Amino acid sequence: MANQDIGNDVIMTRVEDFEEYRQINLALADLVQKMDDSSPMKKLLDHVCSSGGKKIRPLILMLSTEVCDGEKNKAIDAALAIELIHSASLIHDDLLDGGILRRGIPSVHEKYGIAAALLCGDFLISKAITLISPYGHDAVQEFGSAGMHMAEGETIDIRSMNEEFRLKHYFDCINKKTASLFASSAAIGAYIAGCSKDDALRFHAFGENVGIAYQIVDDLLEFLEELEDKKSTQESVTLPQIYSRALGREQAVQRTIAEVHRYVGFAKALLSSFKSCAAREKLLLITDHITIDLLPSRV
Ligand code: FPP
Ligand code: MG
(Lines give C-alpha, C1' and ligand atoms only; values in the text may rest on other atoms or scores of the structure.)
(Ligands and ions follow the chains in the order given, each with its own letter.)
Protein backbone atom coordinates (compact mmCIF):
# COMPACT_ATOMS: atom_id res chain seq x y z
CA MET A 1 0.00 0.00 0.00
CA ALA A 2 1.37 3.41 -0.93
CA ASN A 3 1.60 6.04 1.76
CA GLN A 4 2.14 9.76 1.41
CA ASP A 5 4.58 12.07 3.21
CA ILE A 6 3.21 15.32 4.67
CA GLY A 7 5.94 17.10 6.58
CA ASN A 8 6.63 14.88 9.59
CA ASP A 9 3.42 12.87 9.16
CA VAL A 10 2.97 9.88 6.91
CA ILE A 11 -0.67 9.46 6.00
CA MET A 12 -2.43 6.42 4.63
CA THR A 13 -3.77 6.69 1.13
CA ARG A 14 -6.76 4.37 1.74
CA VAL A 15 -9.71 5.64 3.77
CA GLU A 16 -10.10 2.19 5.38
CA ASP A 17 -6.58 2.55 6.82
CA PHE A 18 -7.25 5.86 8.56
CA GLU A 19 -7.02 5.67 12.35
CA GLU A 20 -10.25 7.74 12.52
CA TYR A 21 -12.08 5.14 10.40
CA ARG A 22 -11.03 2.41 12.82
CA GLN A 23 -12.13 4.52 15.81
CA ILE A 24 -15.56 5.21 14.31
CA ASN A 25 -16.18 1.54 13.55
CA LEU A 26 -15.06 0.49 17.02
CA ALA A 27 -17.29 3.08 18.69
CA LEU A 28 -20.28 1.98 16.59
CA ALA A 29 -19.73 -1.70 17.38
CA ASP A 30 -19.39 -0.79 21.06
CA LEU A 31 -22.64 1.15 20.99
CA VAL A 32 -24.55 -1.87 19.63
CA GLN A 33 -22.79 -4.36 21.88
CA LYS A 34 -23.66 -2.33 25.01
CA MET A 35 -27.38 -2.40 24.22
CA ASP A 36 -29.52 -4.61 26.42
CA ASP A 37 -29.97 -8.01 24.77
CA SER A 38 -33.67 -7.82 25.57
CA SER A 39 -34.10 -4.69 23.42
CA PRO A 40 -35.94 -5.50 20.19
CA MET A 41 -33.91 -2.70 18.55
CA LYS A 42 -30.59 -4.46 19.05
CA LYS A 43 -30.81 -6.78 16.05
CA LEU A 44 -31.98 -3.92 13.82
CA LEU A 45 -29.07 -1.74 14.87
CA ASP A 46 -26.72 -4.65 14.40
CA HIS A 47 -28.05 -5.07 10.85
CA VAL A 48 -27.54 -1.36 10.14
CA CYS A 49 -24.17 -0.90 11.84
CA SER A 50 -22.51 -4.05 10.55
CA SER A 51 -23.52 -3.44 6.94
CA GLY A 52 -20.32 -1.59 6.10
CA GLY A 53 -20.67 1.91 4.74
CA LYS A 54 -17.87 4.32 4.08
CA LYS A 55 -18.33 6.42 7.26
CA ILE A 56 -17.55 9.50 5.20
CA ARG A 57 -19.59 12.03 7.17
CA PRO A 58 -18.19 11.12 10.63
CA LEU A 59 -14.70 11.07 9.10
CA ILE A 60 -15.22 14.57 7.74
CA LEU A 61 -16.30 15.68 11.21
CA MET A 62 -13.29 14.21 13.01
CA LEU A 63 -10.79 15.39 10.42
CA SER A 64 -12.23 18.91 10.47
CA THR A 65 -11.68 18.92 14.24
CA GLU A 66 -8.08 17.88 13.67
CA VAL A 67 -7.41 20.50 10.97
CA CYS A 68 -8.54 23.09 13.54
CA ASP A 69 -6.08 21.66 16.10
CA GLY A 70 -8.83 20.02 18.15
CA GLU A 71 -8.55 16.68 19.95
CA LYS A 72 -10.08 13.97 17.72
CA ASN A 73 -11.07 11.75 20.64
CA LYS A 74 -13.37 14.50 21.89
CA ALA A 75 -15.20 14.40 18.55
CA ILE A 76 -16.11 10.69 18.54
CA ASP A 77 -19.60 10.96 20.06
CA ALA A 78 -20.48 13.76 17.63
CA ALA A 79 -19.15 11.63 14.77
CA LEU A 80 -21.37 8.76 15.95
CA ALA A 81 -24.37 11.10 16.13
CA ILE A 82 -23.76 12.07 12.49
CA GLU A 83 -23.45 8.43 11.39
CA LEU A 84 -26.64 7.48 13.25
CA ILE A 85 -28.75 10.26 11.77
CA HIS A 86 -27.34 9.38 8.35
CA SER A 87 -28.34 5.73 8.89
CA ALA A 88 -31.82 6.82 9.98
CA SER A 89 -32.17 8.92 6.84
CA LEU A 90 -31.24 5.96 4.63
CA ILE A 91 -33.75 3.69 6.39
CA HIS A 92 -36.47 6.30 5.88
CA ASP A 93 -35.32 6.96 2.31
CA ASP A 94 -35.58 3.24 1.52
CA LEU A 95 -39.12 3.28 2.92
CA LEU A 96 -39.99 6.26 0.73
CA ASP A 97 -38.42 5.18 -2.56
CA GLY A 98 -38.88 1.44 -2.25
CA GLY A 99 -35.21 0.68 -1.60
CA ILE A 100 -34.80 -3.08 -1.40
CA LEU A 101 -31.03 -3.42 -1.39
CA ARG A 102 -28.70 -1.17 0.63
CA ARG A 103 -24.93 -1.64 0.88
CA GLY A 104 -25.35 -5.00 -0.78
CA ILE A 105 -27.79 -6.41 1.80
CA PRO A 106 -31.60 -6.20 2.19
CA SER A 107 -32.83 -2.80 3.39
CA VAL A 108 -34.19 -2.68 6.95
CA HIS A 109 -37.85 -2.62 5.88
CA GLU A 110 -37.26 -5.40 3.37
CA LYS A 111 -35.84 -7.62 6.13
CA TYR A 112 -37.81 -6.56 9.21
CA GLY A 113 -40.96 -4.86 7.88
CA ILE A 114 -42.17 -1.27 7.55
CA ALA A 115 -43.12 -0.66 11.20
CA ALA A 116 -39.78 -1.92 12.52
CA ALA A 117 -37.86 0.18 9.98
CA LEU A 118 -39.78 3.33 10.83
CA LEU A 119 -39.18 2.81 14.54
CA CYS A 120 -35.53 1.93 14.02
CA GLY A 121 -35.12 5.31 12.27
CA ASP A 122 -36.86 7.02 15.22
CA PHE A 123 -34.56 5.22 17.66
CA LEU A 124 -31.44 6.23 15.74
CA ILE A 125 -32.48 9.89 15.55
CA SER A 126 -33.19 9.93 19.30
CA LYS A 127 -29.89 8.24 20.14
CA ALA A 128 -28.11 10.73 17.88
CA ILE A 129 -29.69 13.62 19.82
CA THR A 130 -28.42 12.23 23.11
CA LEU A 131 -24.92 11.95 21.64
CA ILE A 132 -24.76 15.43 20.12
CA SER A 133 -26.45 17.37 22.93
CA PRO A 134 -23.37 17.75 25.21
CA TYR A 135 -21.49 19.57 22.43
CA GLY A 136 -23.25 22.86 23.00
CA HIS A 137 -25.28 25.39 21.10
CA ASP A 138 -23.46 25.72 17.75
CA ALA A 139 -23.06 21.99 17.20
CA VAL A 140 -26.63 21.21 18.22
CA GLN A 141 -28.01 23.99 15.97
CA GLU A 142 -26.01 22.63 13.02
CA PHE A 143 -27.23 19.13 13.74
CA GLY A 144 -30.88 20.16 13.97
CA SER A 145 -30.77 22.26 10.84
CA ALA A 146 -29.16 19.42 8.85
CA GLY A 147 -32.02 17.10 9.89
CA MET A 148 -34.64 19.64 8.86
CA HIS A 149 -32.93 20.26 5.52
CA MET A 150 -32.64 16.54 4.81
CA ALA A 151 -36.38 16.08 5.35
CA GLU A 152 -37.16 19.12 3.15
CA GLY A 153 -34.83 17.84 0.43
CA GLU A 154 -36.44 14.43 0.51
CA THR A 155 -39.85 16.05 0.13
CA ILE A 156 -38.62 17.74 -3.05
CA ASP A 157 -37.12 14.43 -4.21
CA ILE A 158 -40.27 12.33 -3.85
CA ARG A 159 -42.24 14.90 -5.88
CA SER A 160 -39.59 15.04 -8.61
CA MET A 161 -41.17 12.47 -10.94
CA ASN A 162 -44.59 14.14 -10.86
CA GLU A 163 -43.65 17.75 -11.32
CA GLU A 164 -41.75 19.88 -13.76
CA PHE A 165 -38.31 19.34 -12.31
CA ARG A 166 -35.72 21.83 -13.50
CA LEU A 167 -32.05 22.37 -12.71
CA LYS A 168 -32.81 24.74 -9.86
CA HIS A 169 -35.12 22.16 -8.25
CA TYR A 170 -32.47 19.47 -8.66
CA PHE A 171 -29.76 21.51 -6.98
CA ASP A 172 -32.10 22.67 -4.23
CA CYS A 173 -33.05 19.02 -3.65
CA ILE A 174 -29.53 17.57 -3.45
CA ASN A 175 -28.21 20.51 -1.49
CA LYS A 176 -30.82 19.86 1.19
CA LYS A 177 -31.17 16.08 1.18
CA THR A 178 -27.45 15.26 0.91
CA ALA A 179 -25.06 18.20 1.09
CA SER A 180 -26.59 19.63 4.28
CA LEU A 181 -25.32 16.72 6.40
CA PHE A 182 -21.85 16.88 4.85
CA ALA A 183 -21.79 20.63 5.53
CA SER A 184 -22.93 20.27 9.13
CA SER A 185 -20.47 17.43 9.76
CA ALA A 186 -17.56 19.66 8.73
CA ALA A 187 -18.87 22.68 10.64
CA ILE A 188 -19.55 20.67 13.82
CA GLY A 189 -16.00 19.29 13.63
CA ALA A 190 -14.68 22.82 13.48
CA TYR A 191 -16.87 24.00 16.36
CA ILE A 192 -15.66 21.11 18.54
CA ALA A 193 -12.11 22.40 18.10
CA GLY A 194 -13.31 25.82 19.28
CA CYS A 195 -12.55 27.56 16.01
CA SER A 196 -14.00 30.89 14.87
CA LYS A 197 -17.41 31.31 13.23
CA ASP A 198 -15.65 32.29 10.02
CA ASP A 199 -13.63 29.05 9.94
CA ALA A 200 -16.72 26.99 10.76
CA LEU A 201 -18.54 28.64 7.84
CA ARG A 202 -15.66 27.77 5.50
CA PHE A 203 -15.77 24.16 6.69
CA HIS A 204 -19.53 24.23 6.16
CA ALA A 205 -19.02 25.42 2.58
CA PHE A 206 -16.36 22.75 2.02
CA GLY A 207 -18.75 20.00 3.18
CA GLU A 208 -21.58 21.41 1.09
CA ASN A 209 -19.53 21.33 -2.12
CA VAL A 210 -18.26 17.80 -1.46
CA GLY A 211 -21.82 16.68 -0.71
CA ILE A 212 -23.18 18.17 -3.93
CA ALA A 213 -20.42 16.55 -6.00
CA TYR A 214 -21.00 13.22 -4.24
CA GLN A 215 -24.75 13.20 -4.94
CA ILE A 216 -24.20 14.14 -8.60
CA VAL A 217 -21.82 11.18 -8.96
CA ASP A 218 -24.29 8.86 -7.18
CA ASP A 219 -27.04 10.02 -9.54
CA LEU A 220 -24.78 9.65 -12.58
CA LEU A 221 -23.94 6.07 -11.61
CA GLU A 222 -27.66 5.38 -11.16
CA PHE A 223 -28.33 6.90 -14.61
CA LEU A 224 -25.62 4.67 -16.10
CA GLU A 225 -26.94 1.71 -14.10
CA GLU A 226 -23.57 1.16 -12.47
CA LEU A 227 -24.71 0.83 -8.85
CA GLU A 228 -24.63 -2.80 -7.81
CA ASP A 229 -24.90 -2.51 -4.03
CA LYS A 230 -28.26 -0.71 -3.93
CA LYS A 231 -31.57 -1.05 -5.70
CA SER A 232 -34.83 0.91 -5.48
CA THR A 233 -38.21 0.43 -7.10
CA GLN A 234 -38.89 4.17 -7.44
CA GLU A 235 -36.61 6.60 -9.19
CA SER A 236 -35.65 10.21 -8.63
CA VAL A 237 -34.84 12.69 -11.38
CA THR A 238 -31.07 12.86 -11.92
CA LEU A 239 -28.81 15.57 -13.37
CA PRO A 240 -27.87 13.66 -16.56
CA GLN A 241 -31.58 13.01 -17.11
CA ILE A 242 -32.27 16.75 -16.97
CA TYR A 243 -29.38 17.50 -19.34
CA SER A 244 -30.49 14.77 -21.72
CA ARG A 245 -33.77 16.62 -22.31
CA ALA A 246 -31.75 19.01 -24.51
CA LEU A 247 -28.56 17.04 -25.25
CA GLY A 248 -27.57 13.61 -26.51
CA ARG A 249 -26.81 11.00 -23.88
CA GLU A 250 -23.02 11.25 -24.16
CA GLN A 251 -23.03 15.04 -24.01
CA ALA A 252 -25.39 14.93 -21.02
CA VAL A 253 -23.01 12.59 -19.22
CA GLN A 254 -19.97 14.73 -20.07
CA ARG A 255 -21.72 17.83 -18.82
CA THR A 256 -22.61 16.04 -15.60
CA ILE A 257 -18.98 15.01 -15.13
CA ALA A 258 -17.92 18.63 -15.70
CA GLU A 259 -20.27 19.67 -12.88
CA VAL A 260 -18.68 17.12 -10.56
CA HIS A 261 -15.23 18.57 -11.29
CA ARG A 262 -16.56 22.08 -10.73
CA TYR A 263 -17.91 21.31 -7.24
CA VAL A 264 -14.84 19.26 -6.31
CA GLY A 265 -12.75 22.28 -7.37
CA PHE A 266 -14.76 24.55 -5.05
CA ALA A 267 -14.33 22.08 -2.19
CA LYS A 268 -10.58 21.78 -2.67
CA ALA A 269 -10.13 25.55 -2.95
CA LEU A 270 -11.90 25.96 0.39
CA LEU A 271 -9.76 23.28 2.00
CA SER A 272 -6.57 24.84 0.72
CA SER A 273 -7.39 27.94 2.75
CA PHE A 274 -6.61 25.91 5.89
CA LYS A 275 -3.13 25.03 7.08
CA SER A 276 -1.39 22.09 5.47
CA CYS A 277 -1.45 19.02 7.73
CA ALA A 278 -2.10 15.27 7.59
CA ALA A 279 -5.81 15.71 8.43
CA ARG A 280 -6.25 18.19 5.56
CA GLU A 281 -4.62 15.72 3.18
CA LYS A 282 -7.00 13.03 4.39
CA LEU A 283 -9.95 15.34 3.69
CA LEU A 284 -8.60 15.92 0.18
CA LEU A 285 -8.25 12.19 -0.31
CA ILE A 286 -11.83 11.58 0.87
CA THR A 287 -13.05 14.29 -1.48
CA ASP A 288 -11.59 12.45 -4.48
CA HIS A 289 -12.48 9.02 -3.10
CA ILE A 290 -16.24 9.70 -3.11
CA THR A 291 -16.37 11.78 -6.30
CA ILE A 292 -13.76 11.80 -9.05
CA ASP A 293 -12.44 8.31 -8.24
CA LEU A 294 -15.94 6.90 -8.84
CA LEU A 295 -16.50 8.53 -12.23
CA PRO A 296 -16.79 6.10 -15.12
CA SER A 297 -13.64 5.88 -17.21
CA ARG A 298 -15.69 5.29 -20.36
CA VAL A 299 -19.22 6.50 -21.07
C1 FPP B 1 -30.72 9.18 -0.43
O2 FPP B 1 -31.16 9.64 -1.67
C3 FPP B 1 -31.39 9.95 0.67
C4 FPP B 1 -30.87 11.00 1.32
C5 FPP B 1 -29.54 11.52 1.00
C6 FPP B 1 -31.59 11.73 2.40
C7 FPP B 1 -32.87 11.10 2.89
C8 FPP B 1 -33.49 11.95 3.93
C9 FPP B 1 -34.63 11.68 4.59
C10 FPP B 1 -35.44 10.45 4.34
C11 FPP B 1 -35.06 12.61 5.67
C12 FPP B 1 -34.62 12.02 6.97
C13 FPP B 1 -34.46 13.01 8.03
C14 FPP B 1 -33.87 12.72 9.22
C15 FPP B 1 -33.75 13.78 10.23
C16 FPP B 1 -33.34 11.39 9.57
P17 FPP B 1 -31.22 8.68 -2.92
O18 FPP B 1 -32.48 7.88 -2.87
O19 FPP B 1 -31.02 9.51 -4.13
O20 FPP B 1 -29.93 7.79 -2.73
P21 FPP B 1 -29.78 6.22 -2.58
O22 FPP B 1 -29.50 5.77 -3.98
O23 FPP B 1 -28.60 6.04 -1.67
O24 FPP B 1 -31.04 5.66 -2.04
MG1 MG C 1 -32.95 5.99 -2.26
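This chain uses plain numbering: 1 for the first residue, then up along the sequence. Counting starts at 1 for both ligands and their atoms, in listed order. Values below: every heavy atom of this structure, side chains too, minus hydrogens, waters and symmetry copies. Bear in mind the structure is a predicted one, so any value in this text is a computation, not a measurement.
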Student: Given that the side chain starts at C-beta and the backbone is N, CA, C, O, which of these parts of M148 lies under 4.0 Å from ligand 1, counting heavy atoms, or is it both or neither?
Tutor: neither
Student: Suppose we measure from atom 2 (O) of ligand 1 to each protein heavy atom; which comes out shortest, and what is that distance?
Tutor: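 Going atom by atom, the protein heavy atom closest to atom 2 (O) of ligand 1 ends up being K177 NZ, 3.2 Å.
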Student: Which residue supplies the protein heavy atom nearest to atom 20 (O) of ligand 1, what is that atom called, and how far is it?
Tutor: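 Atom 20 (O) of ligand 1 sits closest to the protein heavy atom D218 OD2, 3.9 Å.
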Student: Taking only protein atoms, how many N, O or S atoms are found under 2.8 Å from the Mg ion (ligand 2)?
Tutor: 2
Student: Please work out, at 4.0 Å between heavy atoms, whether the side chain, the backbone, both, or neither of E154 comes within that distance of ligand 1.
Tutor: side chain
Student: Tell me whether Q215 reaches ligand 1 (any heavy atom closer than 4.0 angstrom to a ligand atom).
Tutor: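 It does; at least one heavy atom falls under 4.0 Å.
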Student: Just distances here: any N/O of D93 and N/O of ligand 1 closer than 3.5 Å?
Tutor: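 Min N/O separation from ligand 1 is below 3.5 Å for D93.
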Student: Considering heavy atoms of the protein only, find what lies nearest to atom 12 (C) of ligand 1 and give residue, atom and distance to 0.1 Å.
Tutor: S89 CB, 3.8 Å
Student: Counting heavy atoms only, which of S160, G147, A179 comes nearest to atom 15 (C) of ligand 1?
Tutor: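 Nearest heavy atom to atom 15 (C) of ligand 1 lies in G147.
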Student: Does the side chain of T256 come under 3.5 Å of the side chain of E259 through a donor N or O and an acceptor N or O?
Tutor: no
Student: Going by the atom numbers of ligand 1, which of them fall below 4.0 Å from some non-hydrogen atom of D97?
Tutor: 18 (O)
Student: For ligand 1 and T178, I'd like to know whether there is a polar contact (N/O to N/O, distance under 3.5 Å).
Tutor: no
Student: Would a line drawn from the ring center of F203 to the ring center of Y191 be shorter than 6.0 Å?
Tutor: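 They do not qualify: ring centres at least 6.0 Å apart.
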Student: Please identify which atoms of ligand 1 are closer than 4.0 Å to at least one heavy atom of A151.
Tutor: 11 (C)
Student: With heavy-atom distances below 4.0 Å as the criterion, list the atoms of ligand 1 near R102.
Tutor: 21 (P), 23 (O), 24 (O)
